[in-house]
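A short worksheet on the structure shown next.
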Amino acid sequence: MVNGIHLTLMIGPAVPIPVPKSVLDALSSVTVTNNSEGPSTFQLRFTLDKNSPLYTLFLVGGGASIPLVRVVIVVTIGGSPQVLIDGVMTNHEITPGSGKEAPALTITGEDLTKVMDYIDFSGFPFPCMPAEARVLIILAKYAMFGVIPLVIPSVLIDIPIPVQQIPRQQGKDLAYVRALADEVGYVFYMDPGPSPGTSIAYWGPEIKVGVPQGALNIDMDAQTNVETMSFSYNSEQAKLPIVFIQEPFTKAILPIPIPAITPLNPPLGLIPPFPKDMEFITETAKYSPIRGALIGMAKAARSFDAVSANGTLDVLRYGSVLKARRLVGVRGAGTPFDGLYYVKGVVHNIKRGEYKQSFTLGRNGLISTVSGVPA
């Protein structure tokens with residue numbers, strides 16, 4: 001749809017296949033939203049004519065004969081394919097034409113976590129299984145959709161003794177897996193790719209380290225690769241988590257403050273926000289000290305992202321696709337705001353002849369902790 005960028009759209013029940021040319025020609029816009037919190041979503045908008053095969057897609061996708069229809073959106077830049085989303089349709093809407101505007105079909109959907117939210121498996125037993133094993137067994141049910149589990153064991157692996165307790169699932173798979181992640185301060189999400197038709201189901205700590213993406217350049221003449229970008233600093237949201245731990249011998253309740261800086265959440269700014277309030281986490285008293293500390297560190301990491309940035313870019317000028325849940329460098333914004341950021345969310349807006357992204361960045365302090373960022 002854009003010179004130098006090739007779009008591939010795959011649709012089908014269970015196993016998606018590339019759509020015919022007539023369907024791709026009718027595609028007028030694509031919007032994909034990837035966030036560090038919550039599911040990824042997509043929206044496809046097609047222009048209809050009276051004999052369009054998309055009417056059949058509307059009837060099949062919304063009908064009762066096929067329970068779900070998968071959608072895979074891939075963009076290829078410089079010969080390198082990037083899977084933007086692998087998900088399922090959730091809603092279909094036809095807008096009648098008026099005047100010079102033709103009728104339009106709008107399809108919306110979510111990533112494959114939606115499939116985990118269909119059936120209630122409450123009561124399913126997991127004898128002698130820590131949370132990590134339970135997550136792996138649950139995710140195994142979705143291998144037919146190309147889901148590849150990536151489960152990181154927690155610091156504390158708690159194996160329940162069958163004569164004392166047999167854990168049983170509460171609710172649907174998605175809610176239960178996320179509840180298990182919350183218990184140890186972890187996150188759970190689907191990362192599409194690396195190849196079309198596969199997704200990585202990640203259950204582990206939120207990692208804010210790694211190789212940064214190409215820098216976002218502001219006000220740097222010919223090297224400028226962002227269209228707009230603004231920054232804000234809000235220290236009011238920073239809270240110091242206080243977890244409560246029960247001493248095993250005296251049964252005394254001990255309050256312990258938890259710092260936001262950890263090896264997985266390093267300081268990206270030299271001047272962190274000063275917490276003006278405390279958040280008391282009382283439920284940790286029933287957990288072990290390690291589990292309570294993990295939950296507190298996860299909450300502290302989210303509240304200490306006082307510096308945020310929002311902007312837009314043209315993918316062709318940037319040279320690649322900016323991805324969420326990864327680091328990126330910023331240059332040309334001035335001493336307080338230059339440096340590394342964590343990409344909290346991106347929105348892909350693709351139209352014929354145009355591919356732009358809007359993004360949201362965050363970090364835990366002013367003034368960069370590194371002297372330079374990769375170009």
Side-chain angles (χ1 to χ4, degrees), residues 1-12 15-19 23-24 27-45 70-89 107-114 145-148 150 189-202 207-208 210-217 225-227 311-329 341-361 374-375:
M1 296 181 71
V2 185
N3 291 334
I5 299 178
H6 178 71
L7 176 70
T8 302
L9 176 61
M10 305 169 69
I11 298 177
V15 180
I17 60 175
V19 299
V23 174
L24 198 58
L27 183 63
S28 58
S29 67
V30 177
T31 302
V32 178
T33 303
N34 305 124
N35 291 313
S36 59
E37 298 181 5
S40 297
T41 62
F42 67 87
Q43 183 180 83
L44 305 174
R45 187 174 177 84
R70 277 179 71 185
V71 174
V72 178
I73 303 172
V74 184
V75 293
T76 303
I77 302 177
S80 176
Q82 305 284 338
V83 183
L84 300 187
I85 194 167
D86 186 342
V88 294
M89 298 181 185
I107 296 174
T108 57
E110 298 182 12
D111 62 23
L112 289 178
T113 57
K114 185 65 177 179
F145 299 105
V147 173
I148 304 171
L150 178 56
Y189 59 82
M190 290 280 186
D191 193 12
S195 60
T198 63
S199 295
I200 302 295
Y202 178 77
I207 299 175
K208 296 184 179 181
V211 179
Q213 303 174 82
L216 302 173
N217 302 326
N225 56 15
V226 296
E227 295 182 339
T312 59
L313 60 84
D314 187 293
V315 172
L316 273 180
R317 180 144 193 180
Y318 181 58
S320 61
V321 176
L322 182 66
K323 296 183 177 180
R325 304 187 185 98
R326 290 168 174 80
L327 295 180
V328 68
Y341 286 79
Y342 182 69
V343 184
K344 303 178 75 171
V346 295
V347 179
H348 308 260
N349 294 293
I350 306 174
K351 297 180 181 179
R352 197 164 298 278
E354 179 181 286
Y355 185 1
K356 295 186 177 182
Q357 287 183 276
S358 57
F359 54 84
T360 301
L361 316 178

**OP:** Return yes if some donor-acceptor pair links the side-chain N/O of Gln213 with the main-chain N/O of Lys323 below 3.5 Å, else return no.
**Re:** yes
Subject >> Ser358 backbone acceptor or donor facing Thr312 side chain under 3.5 Å >> reply: no
Original post:
Is it true that a side-chain atom of Arg325 and a backbone atom of Gly345 form a donor plus acceptor pair closer than 3.5 Å?
Top reply: no
Original post:
Would you say Arg70's side chain and Phe145's backbone share a donor-acceptor pair under 3.5 angstrom?
Top reply: yes
Subject >> Sub-4.5 Å side-chain heavy-atom contact between Leu316 and Ile5 >> reply: yes
Subject >> Asn349 side chain vs Ser29 backbone, donor-acceptor pair below 3.5 Å >> reply: no
Original post:
In Å and rounded to the nearest 0.5 Å, what is the CG to OG1 distance from Leu44 to Thr31?
Top reply: 8.5 Å
Subject >> Nearest-0.5 Å distance that lies between atom OH in Tyr341 and atom CG in Leu327 >> reply: 12.5 Å
**OP:** Nearest 0.5 Å please: distance from the NZ atom of Lys114 over to the OG1 atom of Thr41.
**Re:** 12.0 Å
**OP:** Over all heavy atoms of both residues, which pair between Pro16 and Val72 is shortest? Give the atoms and the distance, please.
**Re:** CG-CG2, 3.6 Å
Original post:
How far does CD of Glu110 sit from OG1 of Thr33, to the nearest 0.5 angstrom?
Top reply: 11.0 Å
**OP:** Look up atom OH in Tyr189 and atom OG in Ser36, then write down how far apart they are to the nearest 0.5 Å.
**Re:** 9.5 Å
Subject >> side-chain contact (heavy atoms from CB on, under 4.5 Å) between Tyr202 and Ile207, intermediate numbers included >> reply: CA-CA 11 Å; Tyr202 178 77; Ile207 299 175; 3.5 Å; yes
Original post:
What's the verdict on salt bridge (charged side-chain N to carboxylate O under 4.0 Å, His left out) for Arg326 and Asp191, showing C-alpha distance, side-chain angles and the deciding distance?
Top reply: CA-CA 12 Å; Arg326 290 168 174 80; Asp191 193 12; 3.6 Å; yes
**OP:** State, to 0.1 Å, how close Asn225 and Leu313 come at their nearest heavy-atom pair, and which atoms those are.
**Re:** O-CB, 3.7 Å
**OP:** Mind checking the CG-NZ spacing from Asn34 to Lys344? Nearest 0.5 Å is all I need.
**Re:** 15.5 Å
Subject >> N/O donor-acceptor pair under 3.5 Å between Ser199 side chain and Pro192 backbone >> reply: no
**OP:** Given side-chain contact (heavy atoms from CB on, under 4.5 Å), test Val30 with Leu7 step by step and report yes or no.
**Re:** CA-CA 10 Å; Val30 177; Leu7 176 70; 4.1 Å; yes
**OP:** Among Val147, Ile200, Asp86, find the residue that satisfies the side-chain contact (heavy atoms from CB on, under 4.5 Å) test when tested with Met190.
**Re:** Val147
Original post:
Step by step, would you call Arg317 with Glu227 a salt bridge (charged side-chain N to carboxylate O under 4.0 Å, His left out)?
Top reply: CA-CA 10 Å; Arg317 180 144 193 180; Glu227 295 182 339; over 6 Å; no
**OP:** With the side chain counted from C-beta on, respond yes when Val71 and Phe42 share a heavy-atom pair under 4.5 Å apart, and no when they do not.
**Re:** yes
Original post:
Between Val328 and Leu361, does a side-chain contact (heavy atoms from CB on, under 4.5 Å) hold up when you go through it step by step?
Top reply: CA-CA 9 Å; Val328 68; Leu361 316 178; 3.9 Å; yes
**OP:** Please report the shortest heavy-atom distance between Val75 and Ile350, naming the atom on each side.
**Re:** CG1-CD1, 3.9 Å
Subject >> Donor-acceptor contact present, side-chain Ser80 to main-chain Ile77, <3.5 Å >> reply: no
Original post:
After noting the C-alpha distance and the side-chain angles of Tyr318 and Val226, does the key distance pass the side-chain contact (heavy atoms from CB on, under 4.5 Å) rule?
Top reply: CA-CA 7 Å; Tyr318 181 58; Val226 296; 5.9 Å; no
Original post:
Can you tell me if Asp111 uses its side chain to pair, donor with acceptor, with the backbone of Ser40 under 3.5 Å?
Top reply: yes
Subject >> Contact summary for Leu24 and Arg352, nearest pair of heavy atoms >> reply: O-NH2, 3.6 Å
**OP:** Could I get the full list of side chain to side chain donor-acceptor pair (under 3.5 Å) partners for Gln357, not counting sequence neighbours?
**Re:** His348
Subject >> Shortest non-hydrogen separation from Pro39 to Thr113 and the atoms involved >> reply: CB-OG1, 3.7 Å
Original post:
What residue among Ile85, Thr8, Leu9, Leu84 forms side-chain contact (heavy atoms from CB on, under 4.5 Å) with Val74?
Top reply: Thr8
